[in-house]
Amino acid sequence: MKTQQIALAALFISLSAIGGMVKIPLGIASIALDAMPALVAALFLAAPLAGFIAAAGHLLSAMFGGMPLGPFHLLIAAEMFAIVWLFAKLHQGGKVWLKWGVFIIGNGILAALPFYFLLSPAFFYASVPGLLLAASINAAVAALVSPFVVQVAKRFA
């Protein structure tokens with residue numbers, strides 16, 4: 001791995017930490033912008049590294065929030081890794097529109113599915129609307145800033 005990739009990953013993890021501090025309470029869940037930097041990182045970095053940024057961003061966001069789900073946050077971090085890894089693979093494959101839908105459905109519904117069985121159906125149904133909103137906001141912000149980030153990156157390339 002190149003030094004430049006490590007530095008970019010550190011930068012995006014730092015941005016995820018900052019985004020994780022932005023908490024908007026929403027019922028059982030809260031909206032944070034911790035996933036948005038990982039989505040932007042998928043434009044520049046390999047899929048595993050973008051996934052790692054998402055996992056680290058979630059864990060940092062959870063720590064700032066007091067780790068309300070305890071060790072379940074490790075499961076969520078693994079889910080975030082997989083979702084952003086798939087997002088990055090779709091981006092690399094030129095599936096520009098599909099990647100956003102996959103991220104929103106994956107993060108907003110599929111990632112909550114294990115909690116239907118691990119905690120309760122009520123927890124699942126209560127958390128999905130907030131998670132869908134959070135995933136949509138993270139995706140929308142990433143989609144809005146990505147063209148500007150790409151323009152800036154071209155100047156330094």
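Since the structure is predicted, the reported quantities are computational estimates derived from the model, not experimental observations.
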Straight-line distance of [X] [atom1] to [Y] [atom2], nearest 0.5 Å:
{"X": "D34", "Y": "L15", "atom1": "CG", "atom2": "CG", "answer": "12.0 Å"}
{"X": "H91", "Y": "K99", "atom1": "NE2", "atom2": "NZ", "answer": "4.5 Å"}
{"X": "H58", "Y": "I76", "atom1": "NE2", "atom2": "CD1", "answer": "4.0 Å"}
{"X": "I13", "Y": "I18", "atom1": "CD1", "atom2": "CD1", "answer": "12.5 Å"}
{"X": "I104", "Y": "L132", "atom1": "CD1", "atom2": "CG", "answer": "8.5 Å"}
{"X": "L49", "Y": "I6", "atom1": "CG", "atom2": "CD1", "answer": "8.5 Å"}

Any link between [X] and [Y] through a network of hydrophobic side chains (Ile, Leu, Val, Met, Phe, Trp, Tyr) touching at under 4.5 Å?
{"X": "F44", "Y": "F148", "result": "no"}
{"X": "L59", "Y": "M36", "result": "no"}
{"X": "V22", "Y": "F64", "result": "no"}
{"X": "L11", "Y": "V40", "result": "yes"}
{"X": "M63", "Y": "L33", "result": "yes"}

Would the distance check show the side chain of N107 and the main-chain N or O of F103 forming a donor-acceptor pair, the cut-off being under 3.5 Å? no
When you measure from the side chain of S16 to the backbone of F12, do you find a donor-acceptor pair of N or O atoms at a distance under 3.5 Å?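 Yes, the answer is positive, given that a donor and an acceptor are paired below the 3.5 Å cut-off.
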If you compare all heavy atoms of [X] against all heavy atoms of [Y], which two are closest, and at what distance to 0.1 Å?
{"X": "A32", "Y": "K23", "value": "CB-NZ, 4.1 Å"}
{"X": "L39", "Y": "N138", "value": "CD1-O, 3.9 Å"}
{"X": "A47", "Y": "Q92", "value": "N-NE2, 3.7 Å"}
{"X": "A126", "Y": "P129", "value": "O-CD, 3.8 Å"}
{"X": "G51", "Y": "V84", "value": "N-CG1, 4.0 Å"}
{"X": "F81", "Y": "P48", "value": "CE1-O, 3.3 Å"}

Begin with the C-alpha distance, continue with both residues' side-chain angles, and end with the deciding distance and a verdict on side chain to side chain contact (heavy atoms under 4.5 Å, CB included) for L43 and V149. CA-CA 9 Å; L43 301 175; V149 174; 5.6 Å; no
Taking side chain as C-beta onward, heavy atoms only, is L131 less than 4.5 Å from I109? no
Please determine whether side chain to side chain contact (heavy atoms under 4.5 Å, CB included) holds for the pair S61 and M21, giving the CA-CA distance in whole Å, both sets of side-chain angles, and the decisive distance to 0.1 Å. CA-CA 6 Å; S61 178; M21 290 183 212; over 6 Å; no
Go through the steps to decide whether L75 and L69 satisfy the test side chain to side chain contact (heavy atoms under 4.5 Å, CB included), and finish with yes or no. CA-CA 10 Å; L75 170 62; L69 295 176; over 6 Å; no
Between L119 and F124, is the side chain to side chain contact (heavy atoms under 4.5 Å, CB included) condition met? List the steps. CA-CA 8 Å; L119 294 178; F124 171 79; over 6 Å; no
In sequence, state the C-alpha distance, the side-chain angles, and the governing distance for F87 and W100, and then conclude on ring-ring contact (aromatic ring centres under 6.0 Å, His included). CA-CA 7 Å; F87 176 88; W100 298 110; 5.0 Å; yes
Whether F115 and F123 hold their rings parallel, tilted or perpendicular, with breakpoints at 30° and 60°: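 Geometry flag for F123 against F115: tilted rings.
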Tell me whether the count of non-hydrogen atoms from other residues, nucleotides or ligands lying under 6.0 Å of CZ in F52 goes above 12.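 Count not over threshold, so no.
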